[in-house]
Amino acid sequence: MRHLWLIPALPFAGFLLNGIFGRRASKAVVNAIAVGSVALSFLWVVKTLLSLGGMETPHAERYFTWIESGILNVGFELAVDRLTAVMLLVVTGVGLLIHIYSTGYMAHEGGYYRFFAYMNLFMFFMLILVMANNYLLMFVGWEGVGLCSYLLIGFFFLRRSASTAANKAFIVNRIGDFGFALAMFLMVVQFGTLDFAGIYPAAAEMPAEQTAGILTAIALLLFVGATGKSAQLPLYVWLPDAMEGPTPVSALIHAATMVTAGVYMVARSSALFLQAPLAMDVVAIVGLLTAVMAATIGLTQFDIKKVFAYSTVSQLGYMVLAVGVGAFGAGIFHLMTHAFFKALLFLGAGSVIHALSGEQDLRAMGGLRKKIPLTFATLLCAAVAIAGVPPFSGFFSKDEILLAAHHHAPWMYWVGVITAAMTAFYVFRAIFMAFFGDSRGHHHPHESPPSMILPLAVLALLSLAGGFIPVPRFLEPLFPAEGAHHDFALVAVSVGAGLLGIGLAWLFYVSKPGLADSAAARLGALYRLVYNKYFVDEIYDATVVRPLIGGSRAVLWRGVDAGVIDGAVNGIAQRSRDLGILLRMFQSGNIRSYAAWVLLGSVFVLAVLGVMGGLR
Amino acid sequence: MNVVNVLLILPAAGFLAVLLLPRSRPDAAKIAALAVSLAVFLLSLSIAAPVHGDGAELKFVTDVQWIASPDIRYHVGVDGLSVWLVILTALLTPICVLISWRYIERRVKEFYAFLLLLEVGLIGVFVAWDLFLFYVFWELSLVPMYFLIGIWGHERRIYAAVKFFLFTMAGSVLMLAAIIYLYLRAGTFDYVVLQEQMASGQLMLTTGEQLLLFLAFFLAFAIKVPLFPLHTWLPDAHVEAPSAGSVMLASVMLKMGTYGLLRFCLPMFPNAARQCAPWIIVLAIIGIIYGALVSLVQPNMKKLVAYSSVSHLGFVVLGIFTFNEIALDGAVYQMLNHGISTGALFMLVGFLYERRHSLEIADYGGVATPAPNLAAAFLITTLASIGLPLLNNFVGEFLVLQGAALVNFRWAVFAAIGVILSACYMLWMYQRAFFGETPEEVRSHVYDLRAREWAAILPLIALMLWMGIGTGAFLPPIQALNRTVLEQTKSNAEFLVKETPPRPPLRTENGAGAGRGLLNAR
């Protein structure tokens, strides 16, 4: 026993303490509990990993039986292998930095204890997600992080837009979870268990002619879950709205950790996906399309957080592309570097917003380079990393993905390269608009406190140097590398695309500032289409939401329930009353009416007998 | 005298005692009702441990003659199916006393007297092993509920009470006819004797007889559940009932229907039950989706929760009629889950009503600001209701859907849509009632939870967590019982069963399993 349970239990204890007693506690105490619990969890991760050594086989610990019924036996079982080790370090490490940052960022907000209680609860569920040793427990973490995402997106619940965005996130994810749940049911049908250790060897041993139907179905249903959580087409719509949450939440949940859960899940299920080539192709294509589509939207947005949100969707598309083409190691590698530079982008954006007392519109910024130099410097580190400039972290991981894509299908590589150029463009567009040129706002910017700058600095370092962490090689025992060769020409092209994007951004937003507007005007309808995010939200609203609500109200409730069913019931009641009224006439107590009835009855009886020919 | 008899006699005595109290001292009635119901609850806990060991065996049996001719017996006892339902009833009665403390201002002593009488009827239904005795308790529970709605309800209470009474009576008259028919055939009302006669072949019902008897019982239970399309009495009854009435109605009375299905319909008429199962499952799945969709557009909180019950109980009926062990376990678990989480929802809606005197969602908004604890309790209950893992409903829904998937994957696909929709209607209501700016009328009227209200809601929240995580404390007696029921549905009708649902494929030697044909559908 290495007491793996302590890793999630520590943040959970923080949640309980702050959740129950936090309202009456001082901010210092809340900070100590929230940050301390995550720090201890991080340290316990480090200690555990060091003591586990090479981790050639997963180290599993079972605590109790959660659900037992029929053939089903689901344990509360945690495990650590090399994949989980990477995830644990990213989640607790980046999580710790963002917790520290939040103590500064949230210092002036109401509901301080509530914020940190939710953040700790999120850490708990996220750690359960990555440590679970069966699908049902993974689903606990999966739904749990969704809950915390809901709570934190809607943190400013006085704003209607915030609570609406929270609902949207939860419900869209529920649609994804529907797929996840169905995949679990099929796994039990097929394998009789939900344990990773039971499913993967059995799936690997299945003869190819048997895997086509069932494993493809399982893999595709699992992927439906991943499209929800990791914001892929067609379920990505919740993530841009999720920016209603406080900025540290965007960094932790909607950039670095939770949204990568889908990528982790697909990588974890690689044994299933590798047996289902059709599903793999679907995964790769969805990832690639998402990457392009989101990048184009990112080109046109003016809200700094929205730019980065679409960037996240796009980068998640890269990761999904990676796992779709079988480069699981590269996908997880990019997951890690992305956690560094995207968390940094969001926290840096938060620092800008903080400095401008809440301003998020790029058009109202400008010239901040001199005013908040530390924020500028760290953001620049993130920007060069995401743009794929060598030798910074994003270069290495994106390079691995693009090479694997080329090995799989060259056209995927070229689409990926175009996306890389757009990525470099929109990130530097944001940097140039915010930090260069003249100030367009009326603010008095001030640099952020050390509690915010310190995490920025650490993340900047990781964004710059994180590419030298040999994640793919570390994961090789789990995901054997395919024969992708390091082709210098391909690398040069993708780096060139990135530099081209940066150059164009410089041209449009620094050297010739009027160019962007005239280009947008010339593109006219196309620009408006992209600026309005392809009207996807409006289309969903018109085709799904409105018909569902309108139909339920008009047809089901007013029509079927009140009309048909109650109509029938009341109809029966009415008929019986009519019958009662008729029968009452037979017993009115009035002699003359009795006489009339006797006469009528006699005539009736005689008539019937006459008709039947009985009177002879 | 064993404890089950005390569980019947004590509230009955309490009913008489409260009625005899002077009208001038309403507080005495409250305190007496609280004391009696708490005592019943504490006593009821003592039946858990013995039944936990073996849920299939009938324990705490009393079997004495009540009426000589016809031979009607006072035959009571508990097994793995009754035990939790009895404890649930005994738990909710004192909680209902607590939540009515201020809510009920007129005819106070009569209210509490009826509440105790209701407890007698409900516990009686779950422990009776003589069909006639069962019928007596079944009707006995109807009377106090009729008065709870009719006297202490809202504006349209008379309409709702009459509708409730007529719907239920329509079903139970048929059930009475079926019970009498069985007596004429078998010469006994005793359920244990009946089962022995059926198992030994002494009592053989023709296919037609079995089908008609099954339908007579089924209709009575289906109205009570309520199964779509027999559900329209439920929203009216809930909206008009006082808070405590709604809680008892949703949490326990609806379970009388599902209890009856599992206790009587399956073991006594297995062939007919299997024959009708596909049709019933279709109705259950329609109910799951239909209830959720109609719930989505309700402007009234109680109606919303009432329609959500139609959806939730669809899962229970689905689980029962799949004839699969996992789904049956889930169905019984879901009965208890629904009792706890929907009971809690009706309580919390009642708390809101006590403050703002409205059930319309539009009259609220921003409640989280003046009442953070109330908002937190409501949120946890909401999350339980929409099946969040680690809370109770998840376990039940998962088992039902998993069991259904093992028999026919398409059932699971359609039923699981209800899980998506539950998040829609609950979270949308929560947003409109609790989030946003607080209007003046809400700010001035809504205060946070009081100690009495904490005492009522905390036990239920604790149970949501306990039943969501520690399933081992609750499932074993249910499993033992369900295995027996499944055996009975096979052995009773061995010569009639044409096909049994396919066994779930275990992993075979080559690791392949038999699931390949699954996507080709059956």
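We use all heavy atoms of the structure for the numbers below, so side chains are in, but hydrogens, waters and symmetry mates are not. Naming: A, B, ... by sequence-line order, numbering from 1 per chain.
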| query | B:Leu421 and A:Leu548: side chain to side chain contact (heavy atoms under 4.5 Å, CB included), yes or no, with the steps? | reply | CA-CA 11 Å; B:Leu421 292 173; A:Leu548 205 64; 4.3 Å; yes
| said: Between B:Phe409 and A:Leu186, is the side chain to side chain contact (heavy atoms under 4.5 Å, CB included) condition met? List the steps. | reply: CA-CA 8 Å; B:Phe409 187 62; A:Leu186 275 185; 3.5 Å; yes
| message | What verdict does the salt bridge (charged side-chain N to carboxylate O under 4.0 Å, His left out) test give for A:Asp561 and B:Lys303, after you've listed the backbone C-alpha separation in whole Å, the side-chain angles of each residue and the deciding distance to 0.1 Å? | response | CA-CA 13 Å; A:Asp561 231 60; B:Lys303 270 205 167 162; over 6 Å; no
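Of the listed residues (A:Phe64, A:Phe170, A:Trp557, A:Phe76), the one with the most heavy-atom contacts under 4.5 Å to chain B is A:Trp557. The residue among B:Leu328, B:Leu166, B:Asn373 with the most heavy atom pairs within less than 4.5 Å of chain A is B:Asn373. With chain A as the partner, the residue from B:Gln298, B:His231, B:Arg483 showing the most heavy-atom pairs under 4.5 Å is B:Gln298. Of all the listed residues (B:Ile417, B:Leu388, B:Leu383), the one sharing the greatest number of non-hydrogen pairs under 4.5 Å with chain A is B:Leu388. By number of non-hydrogen pairs under 4.5 angstrom with chain B, the leading residue of A:Phe156, A:Trp66, A:Phe139 is A:Trp66. With chain B as partner, the option from A:Arg114, A:Arg553, A:Glu68 having the largest number of non-hydrogen pairs under 4.5 angstrom is A:Arg553. Among the candidates B:Leu399, B:Leu401, B:Thr438, the residue making the largest number of heavy-atom pairs closer than 4.5 Å to chain A is B:Leu401. The choice from A:Asn167, A:Val140, A:Ile549, A:Thr65 that makes the most heavy-atom pairs within less than 4.5 Å of chain B is A:Asn167. With chain B as the partner, the residue from A:Leu72, A:Leu136, A:Thr164, A:Leu137 showing the most heavy-atom pairs under 4.5 Å is A:Leu136.
When every heavy atom of A:Leu556 is checked against every heavy atom of B:Tyr290, the shortest pair comes out as O-OH, 3.2 Å. Closest heavy-atom contact between B:Asp329 and A:Ser69: OD2-OG, 2.7 Å.
Only one option out of A:Ile175, A:Val172, A:Asn173 pairs with B:Ile420 in a side-chain contact (heavy atoms from CB on, under 4.5 Å); it is A:Ile175.
Counting only heavy atoms from C-beta outward, the side chains of B:Leu379 and A:Leu151 approach each other to under 4.5 Å. Put simply, the side chain of A:Arg174 reaches to within 4.5 Å of the side chain of B:Ile386, judged on heavy atoms. At a threshold of 4.5 Å between non-hydrogen side-chain atoms, the residues B:Val413 and A:Phe178 count as touching. Considering only heavy atoms from C-beta on, B:Pro372 comes within 4.5 Å of A:Arg23 through its side chain. Put simply, the side chain of A:Leu158 reaches to within 4.5 Å of the side chain of B:Thr369, judged on heavy atoms. Side-chain atoms of A:Glu143 and B:Phe394, non-hydrogen and from C-beta on, never get closer than 4.5 Å to each other. Within the 4.5 Å cutoff, the side chain of A:Arg160 has no heavy atoms near those of the B:Glu437 side chain. For the pair B:Phe434 and A:Phe157, the minimum side-chain heavy-atom distance is 4.5 Å or more.
Of the atoms belonging to B:Trp233, not a single heavy atom falls under 4.5 Å from chain A. Contact of B:Leu296 with chain A is made through the side chain alone, with heavy-atom distances under 4.5 Å.
Rounding to the nearest 0.5 angstrom, the gap separating the OG1 atom in B:Thr232 from the CG atom in A:Asp566 is 4.0 Å.
Using the six-membered ring where Trp is involved, B:Phe435 and A:Tyr150 have ring planes that are tilted, between 30° and 60° apart.
Counting heavy-atom neighbours within 6.0 Å of B:Phe414 CZ, excluding the residue itself, gives a total of 12 or less. In A:Arg546, the CZ atom is not crowded: 12 or fewer heavy atoms of neighbouring residues, nucleotides or ligands sit closer than 6.0 Å. Dense packing is recorded around CH2 of B:Trp454, with more than 12 heavy atoms of other residues, nucleotides or ligands lying under 6.0 Å away.
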